[in-house]
Amino acid sequence: MPQQVLAQAASSNSSSPPASPQPPRPRQQAARKQEKEPQQRETREAAAAAAMAAADEHQDLTRAFAGMGGLGVDEAALVAALGRWRRQPERRAQFRRGFPGFFSASAGAGAGIERCEDEYLRHLEDEFARFRDAAVLWALHPWERDARWAHHAMHGAAAHPRGVLVEVACTRAADDLLGARRAYQALHHRSLEEDVAYRVKDATASLLVGLVTAYRYEGARVSEELAAEEAKALAAAVKAAPAARLVQNEQVVRILATRSKPQLRATFKIYKELHGKPLEEDFSGEPCLQEAVRCLDSPPKYFAEVIGRAFRDDADRHAKTALTRVVVSRADADMEEIKDAYAKQHGAKLADAVARNTHGHYKDALLAMIGK
């Protein structure tokens with residue numbers, strides 16, 4: 001009997017139509033929605049983060065290539081992009097289109113490409129060369145380094161001899177300047193002074209020959225009487241300047257090219273006391289004389305000014321190149337004094353200014369030579 005009842009129940013269950021599915025309750029719908037929302041939010045956040053990372057990467061690479069806001073390029077950013085942008089030519093095309101000043105749409109046979117401007121190519125060559133030049137110059141003997149700088153100043157493209165020659169002649173110790181002259185002969189089979197006399201065609205030639213051939217007394221002895229006498233001689237030359245250029249005045253050339261640096265500082269001091277202003281101000285219109293006075297009077301102050309000019313927005317190629325020259329040549333000489341002079345002139349630490357205005361391995365090399 002029980003078996004028959006069970007069989008009938010089973011038969012009736014199998015023959016009855018299936019129950020229609022019940023709609024989900026509101027509580028279940030809310031639970032499922034809550035489960036999906038975190039996933040959707042994570043997806044949106046991941047997409048936003050990826051877009052932001054791509055934008056940052058593009059900006060970093062743009063800054064690295066342009067050398068924007070400083071000197072040198074960020075080599076690490078470039079190397080990273082080489083790997084991340086592999087087989088993604090569309091990203092490089094987007095990068096080029098983001099440089100309207102450096103890349104432009106090419107016309108004619110080259111239509112359809114973003115052409116690199118010649119000026120930007122030269123810019124890139126300069127920026128990439130900065131670290132290489134700093135490393136090579138650091139490795140050279142100081143005498144050879146000065147000799148090569150002097151030769152390049154007179155023989156290189158767009159020769160700019162005056163500043164480099166005055167700097168080398170007036171800020172080096174007597175034996176170091178003599179060593180540079182010997183290195184110049186060994187490297188170029190002629191003397192530095194004969195190249196200066198032959199290559200410099202303007203009125204500064206006599207002064208420059210006198211400066212590069214000087215072998216100054218390096219003791220501390222100073223004659224106040226002589227300083228007063230020569231301060232008056234310089235004043236007389238300034239007074240007679242309208243009749244003849246100061247840079248060609250025999251007394252001016254003799255004093256600046258032969259006297260010791262302590263003796264000249266005493267002369268400059270008396271001149272200022274007598275006339276109420278520095279000698280270099282009365283040498284206005286004679287940049288070669290002004291630079292010689294600054295170099296002879298206070299090399300650290302002069303070098304701090306040169307570095308400051310390299311960081312200016314309107315700095316030209318020579319001003320930027322001077323940054324490497326100063327840091328490399330003075331790292332083992334008077335860098336601490338230069339750092340003090342820079343802080344007084346600009347109200348900031350030199351290391352901070354270099355970190356802010358330079359990039360990549362070039363920045364690292366400069367900071368290593370400057371020290372904290």
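No experiment lies behind these values; they were computed from the predicted model shown.
- For the pair D364/F131, no side-chain contact is recorded, criterion being any heavy-atom separation below 4.5 Å from C-beta on.
- Under the 4.5 Å side-chain heavy-atom criterion for Ile, Leu, Val, Met, Phe, Trp and Tyr, L279 and I270 are members of distinct hydrophobic clusters.
- For D126 and R317, the salt-bridge test passes: some basic side-chain N is under 4.0 Å from an acidic carboxylate O.
- A donor-acceptor contact shorter than 3.5 Å is absent between the side chain of D334 and the backbone of E337.
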>> Under the criterion side chain to side chain contact (heavy atoms under 4.5 Å, CB included), I'd like the reasoning laid out for E230 against R254: C-alpha separation, chi angles, the key distance, then a yes or no.
In response: CA-CA 10 Å; E230 294 191 333; R254 176 188 63 80; 3.1 Å; yes
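- Under the 4.5 Å side-chain criterion, counting only non-hydrogen atoms from C-beta, L350 is in contact with I370.
- Nearest heavy atom pair, residue V354 against residue K363, reads O-CG, 4.2 Å.
- Counting heavy atoms from C-beta outward, R221 and S260 have side chains that stay 4.5 Å or more apart.
- S329 contributes atom OG, which lies 4.5 Å from atom CH2 of W149 (distance to the nearest 0.5 angstrom).
- Between E291 and R162 there is no salt bridge, since no side-chain nitrogen of the basic residue lies less than 4.0 Å from a carboxylate oxygen of the acidic one.
- To the nearest 0.5 angstrom, L366 atom CG is 6.0 Å from T324 atom OG1.
- Side-chain contact between P300 and D340 is absent, with no heavy atoms from C-beta onward closer than 4.5 Å.
- Between the side chain of N357 and the backbone N or O of A353 there is at least one donor-acceptor pair closer than 3.5 Å.
- With hydrogens and angles ignored, the 3.5 Å screen pairs no side-chain donor or acceptor of H346 with any backbone N or O of A348.
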>> Between E167 and Y302, is the side-chain hydrogen bond (donor to acceptor under 3.5 Å, both in side chains) condition met? List the steps.
In response: CA-CA 9 Å; E167 181 180 303; Y302 161 79; 3.0 Å; yes
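- When all heavy atoms of V247 and A203 are compared, the closest pair comes out as CG1-O, 3.7 Å.
- Other residues, nucleotides and ligands contribute only 12 or fewer heavy atoms inside 6.0 Å of the CG atom of D313.
- The environment of R182 atom CZ is sparse: at most 12 non-hydrogen atoms of other residues, nucleotides or ligands sit within 6.0 angstrom.
- Taking the charged nitrogens against the carboxylate oxygens, E127 and R130 do have a contact shorter than 4.0 Å, which makes a salt bridge.
- Counting heavy atoms of neighbouring residues, nucleotides and ligands inside a 6.0 Å radius, atom OH of Y217 exceeds 12 of them.
- Not one N or O on the side chain of E281 forms a donor-acceptor pair closer than 3.5 Å with the backbone of P278.
- Applying the 6.0 Å contact sphere to CD of E225 captures no more than 12 heavy atoms from other residues, nucleotides or ligands.
- Cluster annotation: W143 and V326 are assigned to distinct hydrophobic clusters (Ile/Leu/Val/Met/Phe/Trp/Tyr, side-chain heavy-atom contacts under 4.5 Å, transitive).
- Of all the heavy atoms in L246 and A241, the pair that sits closest is CG-CB, 3.8 Å.
- Side-chain contact between L165 and L211: absent, with no pair of heavy atoms (C-beta onward) separated by less than 4.5 Å.
- Counting heavy atoms from C-beta on, the side chains of L140 and R148 come closer than 4.5 Å.
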>> Evaluate L264 against R216 for side chain to side chain contact (heavy atoms under 4.5 Å, CB included), listing each step before the verdict.
In response: CA-CA 11 Å; L264 286 170; R216 302 176 192 273; 3.8 Å; yes
>> Using the rule given for side chain to side chain contact (heavy atoms under 4.5 Å, CB included), can you reason through S223 versus Q263, listing the C-alpha separation, both sets of side-chain angles and the distance that settles it, and then say yes or no?
In response: CA-CA 7 Å; S223 169; Q263 182 68 46; 4.0 Å; yes
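- Without hydrogens or angle criteria, Q290 side chain to E280 main chain gives a donor-acceptor distance under 3.5 Å.
- Remark: L192 CG to L177 CG distance equals 7.5 Å, nearest 0.5 Å.
- L367 and M335 fall within a single hydrophobic cluster, where Ile, Leu, Val, Met, Phe, Trp and Tyr side chains are chained together by heavy-atom contacts under 4.5 Å.
- The heavy-atom pair separating Y271 from K277 by the smallest distance is CD2-O, 3.8 Å.
- Of all heavy-atom pairs spanning A266 and V222, the tightest one is CB-CG1, 3.6 Å.
- The side-chain heavy atoms of R325 and R145, taken from C-beta on, include no pair separated by under 4.5 Å.
- Shown here is K201, whose NZ atom has more than 12 heavy atoms of other residues, nucleotides or ligands within 6.0 Å.
- To the nearest 0.5 angstrom, Y362 atom OH is 9.0 Å from D133 atom CG.
- Cluster annotation: V212 is not connected to L178 through the hydrophobic network of ILVMFWY side chains, with a link wherever side-chain heavy atoms come within less than 4.5 Å.
- D176 places none of its side-chain heavy atoms less than 4.5 Å from the side chain of P142.
- The pair E193-R181 counts as a salt bridge, with a side-chain nitrogen and a carboxylate oxygen less than 4.0 angstrom apart.
- Proximity of a side-chain donor or acceptor of K261 to a complementary backbone N or O of A173 within less than 3.5 Å is not detected.
- One distance of note links CZ of R199 with NE2 of H151; it measures 7.0 Å at 0.5 Å rounding.
- The shortest heavy-atom contact between L207 and C288 is CD2-SG, 3.8 Å.
- Distance check, rounded to the nearest 0.5 Å: NZ of K232 to NE2 of H275 gives 9.5 Å.
- Between the side chain of E144 and the backbone N or O of A183 there is no donor-acceptor pair closer than 3.5 Å.
- More than 12 heavy atoms of other residues, nucleotides or ligands sit less than 6.0 Å from atom CD of E90.
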